[in-house]
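Heavy atoms only: backbone and side chains are in, while hydrogens, waters and symmetry mates are out. Lettering of chains follows the sequences in order, A, B, ..., and the numbering in each one begins at 1.
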There are 2 protein chains.
Amino acid sequence: MNSSARPGDVPARPTSRDVAERAGVSQATVSLVLRERWQGRVSPARAETVRAAARELGYRPNLAARSLRLGRTRTALVVVPALSSEFFAVMYAGAARVAADHGFGVVLYPSPEGIGPAPDPFAHSGATLDGVLASSMAAPALRSLSEGGLPLVMLDSEPRDPGAAATVNPDIGDGMRQLARHVLGLGHRRIAHIAAEVDSWTFRERARELTREVARVPDASLVRTERAPLTVRGGLAAAERALTALPRPTVLVCDDDVLAAGACKAARRLGLRVPTEVSVAGFGDTDLATAVEPELTTVRLPAAAMGEEGMHALLTVLRGEPAPGTVLPVALVPRGSTGPPAAEG
Amino acid sequence: MNSSARPGDVPARPTSRDVAERAGVSQATVSLVLRERWQGRVSPARAETVRAAARELGYRPNLAARSLRLGRTRTALVVVPALSSEFFAVMYAGAARVAADHGFGVVLYPSPEGIGPAPDPFAHSGATLDGVLASSMAAPALRSLSEGGLPLVMLDSEPRDPGAAATVNPDIGDGMRQLARHVLGLGHRRIAHIAAEVDSWTFRERARELTREVARVPDASLVRTERAPLTVRGGLAAAERALTALPRPTVLVCDDDVLAAGACKAARRLGLRVPTEVSVAGFGDTDLATAVEPELTTVRLPAAAMGEEGMHALLTVLRGEPAPGTVLPVALVPRGSTGPPAAEG
DNA sequence: CGAGCGACGTTATACGTAACACTTCTCTCT
DNA sequence: AGAGAGAAGTGTTACGTATAACGTCGCTCG
């Protein structure tokens, strides 16, 4: 099949030249036919011959060669900080769907959680990429990407992020504002923040907004902030620390549903009932929020819409058009995990 | 920088030839130096000059060209059926860790859940791959891969899967056997199976083994099997169907913790207490199993070990050595969601 | 009747990298 | 002094694809 194929070798992958030889045409013709560029340049009969030859040989184009030749790949990279929260899985799915609709492929890169700056996704990836859609990552980790001149769209990052060609954000400040007012309105005054230890704009913004809202109520205070890795276990440990310290908070505001689930568990372990003795709230409104008992009060983040809008923005940038910064609305979803604080004993 | 750079153009990415020109050496020397193959072939001084030039230009090798030249990419594809179960995220992490230890990169491909055969990951992916590590997928979906002559290691698939160069499985039959004996031993006789609607060996095996074990106990029977997508919501709906049909099962054996969490919720909705009125058990022992109340009785699957062993097997195959089929042990973890059935009323 | 045109293909080349085969120069050993 | 070995590089080629530029027919039309 290949002139270089020695006996005993694994059969080398057929190339377009092999197909050409079998079909009795030139390699150029094979390329034209298989790329559907043959209208008016190759007779229908010949085109069919070529397709048959390709089928018989099991020909698959060498994507490395194609990428080299074309200088692009119609493939985007999606970077997420972790997969332990379903939120990112949904976001990815949204991005992948839009990409597929436009003939683009997507490669997913979960940056190892909490291990500081991510390793360079290019270091060992055979993927050549047209653009990057990145979520909630520390800027340093992405420096190497934007330096490579690769179009970058940031999700959940600061609205006017330099180095990003566009940004797509949920209105996270508004979300935290709604949540804070909800718990303050219920009468809570000693508030603890179970914060994600991921260093990104979205989490800094939540902390800032919570602090601000609490400060607006005279006798309320943020009695404690605990940082936790974005897992149930992490939320559990952090909430245990918060609930055993004095003064004990009456509500745990968590940066993610995963942390909130852990916090509920911590409360149970300490013999505290939710929400009568301690309230818990999270962010995301993923499946997990309604899987636990009581169901979580949470801020619904438009995960799928973020992925979709982000990919749209990236595709726009790749077409050379400017992409606007987008801010998506969020909504507070009050459920059973928050209630009025117990009367002081 | 590039001779083809026209004024007004975006600056073209520098090539190794640009670096060579700037350093005053040949392109071959640049390649030798940057790939660390210069010992005894290029003087240390010159090597440093080359590195400096590369740094100044912000040179990054064109991976498409490198792949084309080398015929390999040191990159593997990991295929998982869904990201809605944390199980696969952990498995991926294990595989990625081992790959990184061996200088390999990993690309993750989440095959859209439940949408039948997966779209061809190659169709639009710029990635050129050395091998594939695939989990729990329907065989047809992977046909196009193995046909491409790509080394394929299957996780959670039938032990002697043709077309797979190696397989790594948890001893899933043993796991279901232990779980079945556990609930039968507790006295349950009317058993329902909440099955994942993913069509793969591991789930077929669970169904088979459950059926077999139930058949060994004279008055026990598998009163119902409900199929569900691998989400909390899916488990909820399926469990509601199972619990409202007659005869009502006293235990719900679920194919995954995600389904079990949904099942617990269904029981609550129907006013049934877990485990006193209905028992629930799952598979996986992910974070979710202990996040819900009561904590789930489950079969601990070695997710991380599967990813690690699978990647080891793949790397072995890529070295041209034969890889043995591996079976990993599993363990029953009895917790609060299972108990003796209520006395017949 | 010959110029011109459309249909049908082919030839040649470039993409950026890695590595084989080769040259040149310097130094050592006998 | 001459052979030989090693150091320090360079010229060239190939990887497989896509496409611009170029033939070569047979036919129509002025």
Side-chain angles (χ1 to χ4, degrees), chain A residues 1-5 12-50 53-54 57-74 122 126 128 130 148-149, chain B residues 1-5 12-50 53-54 57-74 122 126 128 130 148-149:
Chain A
M1 168 181 307
N2 246 347
S3 56
S4 69
R13 225 172 128 179
T15 71
S16 61
R17 214 173 303 268
D18 295 321
V19 175
E21 196 174 330
R22 177 159 188 130
V25 299
S26 73
Q27 178 265 330
T29 302
V30 172
S31 179
L32 288 173
V33 170
L34 296 184
R35 303 227 18 172
E36 298 293 338
R37 295 279 148 75
W38 59 279
Q39 307 286 356
R41 315 180 52 43
V42 178
S43 70
R46 268 225 197 277
E48 187 44 39
T49 308
V50 169
L57 291 178
Y59 169 73
R60 293 184 145 280
N62 180 318
L63 295 178
R66 175 177 292 175
S67 298
L68 175 59
R69 177 64 229 247
L70 293 178
R72 65 204 155 69
T73 55
R74 298 185 78 75
F122 286 98
T128 307
D130 288 354
Chain B
M1 169 181 307
N2 246 349
S3 56
S4 70
R13 228 173 125 179
T15 71
S16 60
R17 215 173 302 269
D18 295 321
V19 175
E21 196 174 330
R22 178 163 188 126
V25 299
S26 72
Q27 180 265 331
T29 302
V30 172
S31 179
L32 288 172
V33 170
L34 297 183
R35 303 228 15 179
E36 298 294 339
R37 294 281 148 74
W38 57 278
Q39 307 286 354
R41 316 182 50 39
V42 178
S43 69
R46 267 224 198 280
E48 186 43 40
T49 308
V50 170
L57 291 179
Y59 169 72
R60 294 184 144 280
N62 180 318
L63 296 178
R66 176 176 290 175
S67 299
L68 175 59
R69 177 65 234 245
L70 294 178
R72 64 200 157 72
T73 55
R74 297 185 78 77
F122 286 99
T128 308
D130 288 355

Axial bend angle, the helix from C/dC1-D/dG30 to C/dT30-D/dA1: five-pair end segments, nearest 10°: 60°
Distance, rounded to the nearest Å, where A/Leu70 contributes CG and D/dA20 contributes C1': 14 Å
Gap between atoms CZ and C1', on A/Arg13 and D/dT17 respectively (whole Å): 12 Å
Nearest-Å distance for atom pair CD/P, residues B/Gln27 and D/dA8: 20 Å
Atom of A/Ser67, atom of B/Ala64 and distance for their closest heavy-atom approach: CB-CB, 3.7 Å
C/dT17 OP1/OP2 closer than 4.0 Å to side-chain N/O of B/Ser16: yes
B/Glu36 CD to C/dA18 P, straight-line distance once rounded to whole Å: 13 Å
Contact under 4.0 Å: A/Ser26 side-chain N or O vs C/dT11 OP1/OP2: no
Phosphate contact (D/dG9 OP1 or OP2) by B/Arg46 side-chain N/O below 4.0 Å: yes
Interatomic distance where CG belongs to A/Leu32 and P belongs to D/dA18 [whole Å]: 9 Å
N/O (side chain, B/Thr29) to phosphate O (OP1/OP2, D/dT10) under 4.0 Å: yes
Distance below 4.0 Å between B/Ser67 side-chain N/O and C/dT17 OP1 or OP2: no
Separation of atom CG in B/Leu34 from atom C1' in C/dG16, rounded to whole Å: 13 Å
Partner set under side chain to side chain donor-acceptor pair (under 3.5 Å) for B/Gln39, not counting sequence neighbours: none
Side chain of B/Leu68 - closest among D/dG16, D/dT17, D/dG11: D/dG16
Phosphate OP1/OP2 of C/dA18 contacted by B/Arg66 side-chain N/O (<4.0 Å): yes
Side-chain N,O (A/Arg37) to OP1/OP2 (D/dT19) below 4.0 Å: yes
Phosphate OP1/OP2 of D/dG16: any A/Thr15 side-chain N/O under 4.0 Å: no
Value rounded to 0.5 Å, distance of OG in B/Ser16 from CZ in B/Arg60: 15.0 Å
Distance below 4.0 Å between B/Ser43 side-chain N/O and D/dG9 OP1 or OP2: yes
Out of D/dT17, D/dA18, C/dG16, whichever nucleotide has its closest atom nearest the side chain of A/Arg17: D/dT17
A/Thr49 side chain to A/Ala45 backbone, donor-acceptor under 3.5 Å: yes
Touch class at under 4.0 angstrom, heavy-atom based, for B/Val30 against every strand present: nothing
Position toward the 5' end of DNA chain D (nearest nucleotide), A/Ala65 or A/Arg72: A/Ala65
Presence of A/Arg69 side-chain N/O under 4.0 Å of C/dA14 phosphate oxygens OP1/OP2: no
Value in whole Å for how far the P atom of D/dT24 lies from CZ of A/Arg41: 17 Å
Value in whole Å for how far the P atom of C/dA7 lies from CH2 of A/Trp38: 13 Å
